[in-house]
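Note sheet for the following structure.
Any value given below was found using the heavy atoms of this structure, including those in side chains, with hydrogens, waters and symmetry copies removed.
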Amino acid sequence: MDFLPNLKIDTRLNVWTLTAVLTALYTLSGLVRGWWHASLGKRRRLIKAYRKLATYVRHDYVEGLFGEPAWEHKQSVKACSADESDEAVLSRG
């Protein structure tokens with residue numbers, strides 16, 4: 001009595017199915033990782049970077065931790081004259 005009949009199993013389909021599943025998992029893990037770093041994980045990354053800060057650190061070190069600034073506002077101000085009061089009158093230059 002033969003319990004297992006002689007069946008010919010095509011393994012090519014199994015290999016391609018496994019390849020497709022692994023590719024889909026790799027793609028989904030990249031998407032989930034990107035979403036995490038852009039939303040919920042961003043806070044954790046910023047907290048770790050803030051903990052590495054110390055007093056009197058250089059500007060290059062801070063840029064290395066946080067990246068380039070999103071915007072930068074530069075303004076030059078010069079003193080023009082001083083009244084008799086203690087306040088100096090400043091103008092934008």
For a quick test of your reading: what N or O donor-acceptor pairs under 3.5 Å do the side chains of residues 60-69 make, sequence neighbours left out?
unit_1: Tyr61; atom_1: OH; unit_2: Lys52; atom_2: O; d: 3.4
unit_1: Glu63; atom_1: OE2; unit_2: His59; atom_2: NE2; d: 2.9

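Atom-to-atom distance recorded for Thr23:OG1 and Trp16:CH2 is 9.5 Å, nearest 0.5 angstrom. A distance of 14.0 Å separates NZ in Lys42 from CH2 in Trp35, rounded to the nearest 0.5 Å. In this structure, His37 NE2 and Arg44 CZ are separated by 10.5 Å, a value rounded to the nearest 0.5 Å.
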